[in-house]
Amino acid sequence: GTAKPSPDERGGIPHYLIDLVDPTDDYSVSQFVIDAHERAQEIKSRGKRVLLVGGTPLYLKTLLCGMFLGPPADWEFRKQVDEDVAIHGIDALRNRLM
């Protein structure tokens, strides 16, 4: 992430969900909410308070307010689109959409 505190800036204070996945790894807002709830429960079980600092607005809003219900991702369709773009280029997809 950008502008995240360095280990020195963290000053020995435990921080969670930093450097959880590599930038090239798949990671969804729903997985973040699961991970955040797990960490929060662990922190609370030690009699501590959870403090949310920084982060992506979509992830924080979803954690605090929930997310709209919608259809699940169609991974096969996404794969087909990626293959089409690889073969014909992004301009062909843009023209098709227009």
Residue pairs meeting ring pair (Phe, Tyr, Trp, His ring centres under 6.0 Å), one or both in residues 6-57, sequence neighbours left out, come to Phe32-Tyr59
Sequence-distant partners of Ser28, side-chain contact (heavy atoms from CB on, under 4.5 Å), two or more places apart
Ser30, Gln31
Might you point out which heavy atoms bring Arg10 and Ile18 nearest each other, and give the distance in Å?
NH2-CG2, 3.5 Å
Spacing of Asp82 atom CG and Leu93 atom CG [to the nearest 0.5 Å]
9.5 Å
With sequence neighbours excluded, residues passing salt bridge (charged side-chain N to carboxylate O under 4.0 Å, His left out) with Glu38:
none
Could I get the full list of side-chain contact (heavy atoms from CB on, under 4.5 Å) partners for Asp25, not counting sequence neighbours?
Val21, Asp22
Any chain of hydrophobic side-chain contacts (each under 4.5 Å) joining Leu52 to Ile34?
no
Full working for side chain to side chain contact (heavy atoms under 4.5 Å, CB included) between Met98 and Asn95
CA-CA 5 Å; Met98 290 194 301; Asn95 290 335; 3.7 Å; yes
Let me check something: do Leu64 and Val53 share a hydrophobic cluster, defined by ILVMFWY side-chain heavy atoms less than 4.5 Å apart, either directly or through other members?
no
Quick one: closest heavy-atom pair of Ile43 and Arg49, and the distance?
CG2-O, 3.8 Å
Trace of the side chain to side chain contact (heavy atoms under 4.5 Å, CB included) decision for Met67 with Val33
CA-CA 10 Å; Met67 186 170 222; Val33 169; over 6 Å; no
Can you pull the ring pair (Phe, Tyr, Trp, His ring centres under 6.0 Å) pairs that have at least one residue in residues 73-95, sequence neighbours excluded?
none
Applying side-chain contact (heavy atoms from CB on, under 4.5 Å), can you list everything that pairs with Glu83, at least two apart in sequence or on another chain?
Lys79
Rounded to the nearest 0.5 angstrom, the CG-CG distance for Leu63 and Leu58 is 11.0 Å
